[in-house]
Peer 1: 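So that we are looking at the same thing, I have put the structure below in structure tokens.
Only heavy atoms go into these numbers, but all of them, side chains included; no hydrogens, no water, no symmetry mates.
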Amino acid sequence: MQVQQIRIGVIGTQTIVDKIMKIMDTFPSFDPVPLVFQEEDEAPALAQRIGDEVEVLFLSDPLSQRKVKESGRLAIPVHYVPVTDAGLYKALFSASQKVELAGGISVDTLTETMVVRTLKDLRIPSVRAVVYDGPAYAPKQHITAFHQAQYESGACSIAFTGVESVARELATLGIPHEWLLPSDQDIVVSLERALLSTASRRSREGQIVVGMINVDDFGAQALRRSNEHEVQKLKLDIHRLVLDYVESLDGYLTHLGGDEYLFFTTRGIFERESGGYKTIPLAKDVNKTHGISLSIGMGFGRSASMAGTNARIAMRKAKEVGGNACFIVREDGTLIGPLEMADPVQEVLSVTDPALIKRAEDAGMTSAYLSKLLNQRARSGKYEYKVHELAHLLDITVRSAHRLLQLWTDHGLVEISGIEKVPRGRPRQIFRFTFLE
């Protein structure tokens with residue numbers, strides 16, 4: 001059975017919605033439904049249109065959120081992206097390239113404390129700032145009139161506004177201005193609040209998660225120790241580190257014998273400790289102190305049995321890519337990973353759609369080959385290969401690599417992206433794995 005993600009309605013201006021949707025990729029639990037408006041007055045109608053389809057609404061600004069809540073027709077949480085002094089830093093830098101800030105600035109949306117603190121941090125406290133102190137959620141006409149009065153009186157040389165419709169009005173009036181955009185961190189924090197407010201999230205917070213930990217190539221590590229006493233000390237050290245990690249998860253650990261461990265925790269705690277399924281601090285600790293890498297499989301499920309089965313599948317994925325990796329298999333069978341381990345990962349992969357996996361397997365690409373390609377894509381950003389590079393990655397012969405590339409090209413997974421000339425011999429073709437881009 002396919003488990004639905006948490007549907008979230010994203011409503012706002014095109015610029016802010018686009019910015020939110022990019023950051024939404026780091027929230028695999030969300031299934032966003034984006035809608036764009038030109039004016040804040042359109043927000044209530046858009047919210048009403050999708051109110052029965054989503055669990056939470058996310059607005060691009062406080063004014064539109066206020067209008068949606070005042071409509072009083074929705075029984076779901078409604079959040080918005082606030083503009084903080086972080087947005088003012090960037091706007092001030094941009095403005096300083098255009099006008100002389102010493103002429104004074106007018107600011108809305110932010111509090112006077114925020115503005116004064118920012119100017120002080122930037123070491124320009126002498127800049128005179130006039131902050132809008134009218135009623136909260138004032139109509140755009142009032143805010144525009146405030147900036148216009150300050151500019152025409154000569155009190156300010158540039159306006160800073162957190163309302164896009166006001167920015168458009170100021171542009172029409174020919175008044176120098178900067179639009180205060182929310183920072184990425186503002187959006188992340190707001191999305192986290194929205195996530196925690198949903199009923200699905202609250203039910204998932206306490207969901208049991210099963211984890212499996214395997215020490216990569218422990219036999220070889222043991223052979224490097226001079227005697228049995230050193231081997232036993234190594235085992236105890238590893239056990240202590242694993243125990244400390246599971247304790248940080250408020251979990252329960254059991255040693256399966258040899259070099260494998262099993263533990264239980266809850267989904268909410270694991271997500272927070274892993275930074276939203278991004279990194280496993282245990283792997284870095286073990287690698288730093290003992291030079292050892294780990295393979296970790298995490299399983300989510302609606303029952304302990306399903307979670308355990310998914311943990312074993314995730315562990316197999318970690319081993320297939322050569323170890324030093326952590327994968328998560330969710331209750332709907334989707335794959336997340338690899339999470340950052342001892343080596344830095346340039347890009348954490350989002351959920352891998354089961355349809356993509358099926359498409360790859362139908363084209364003759366085994367799960368082992370797919371896992372290795374995904375892992376390499378996450379670690380180095382690589383999705384183009386020459387034949388000998390692919391053969392080395394997949395641990396196959398060059399002849400087999402040629403055969404597979406032809407098969408995958410016929411199925412639309414791969415295309416020839418270029419030719420590399422060499423001093424001697426035939427030019428080498430470069431193959432692009434388009435589905436990894």
Peer 1: Which residues satisfy the side chain to side chain donor-acceptor pair (under 3.5 Å) test with D184, sequence neighbours excluded?
Peer 2: K19
Peer 1: Counting C-beta onward and ignoring hydrogens, is there a side-chain heavy-atom pair between L92 and F160 closer than 4.5 Å?
Peer 2: yes
Peer 1: Decide whether D108 and T161 meet the rule of one side-chain donor and one side-chain acceptor closer than 3.5 Å.
Peer 2: yes
Peer 1: From the options F433, W408, F431, select the one residue that forms a ring pair (Phe, Tyr, Trp, His ring centres under 6.0 Å) with Y385.
Peer 2: F433
Peer 1: With respect to S106, which candidate in R128, Q150, H147 satisfies the side-chain hydrogen bond (donor to acceptor under 3.5 Å, both in side chains) definition?
Peer 2: H147
Peer 1: Under a 4.5 Å cut-off applied to non-hydrogen side-chain atoms, are F270 and I328 in contact?
Peer 2: yes
Peer 1: Atom NE2 of residue position H239 - does it have more than 12 heavy atoms of other residues, nucleotides or ligands inside 6.0 Å?
Peer 2: yes
Peer 1: Could you tell me whether K69 atom NZ has more than 12 heavy atoms of other residues or ligands within 6.0 Å of it?
Peer 2: no
Peer 1: Side chains of S71 and Q48 only: does a donor on one sit below 3.5 Å from an acceptor on the other?
Peer 2: no
Peer 1: I want to check something: taking the side chain as every heavy atom from C-beta on, are V209 and L249 in contact at a cut-off of under 4.5 Å?
Peer 2: no
Peer 1: R330 vs E271, test: salt bridge (Lys or Arg N to Asp or Glu O under 4.0 Å). Steps then yes/no.
Peer 2: CA-CA 13 Å; R330 303 197 309 179; E271 183 169 299; over 6 Å; no
Peer 1: Determine whether a donor-acceptor pair (N or O, by modelled atom type, separation under 3.5 Å) exists between the side chain of T434 and the backbone of L413.
Peer 2: yes
Peer 1: Any side-chain heavy atom of L110 sitting closer than 4.5 Å to one from T118?
Peer 2: no
Peer 1: Evaluate whether atom CD of E260 has more than 12 neighbouring non-hydrogen atoms of other residues, nucleotides or ligands under 6.0 angstrom away.
Peer 2: yes
Peer 1: Consider side chain to side chain contact (heavy atoms under 4.5 Å, CB included). Of L170, L101, I175, which one does I158 pass it with?
Peer 2: L101
Peer 1: With S190, which residues qualify under side chain to side chain contact (heavy atoms under 4.5 Å, CB included), at least two apart?
Peer 2: F58, P82
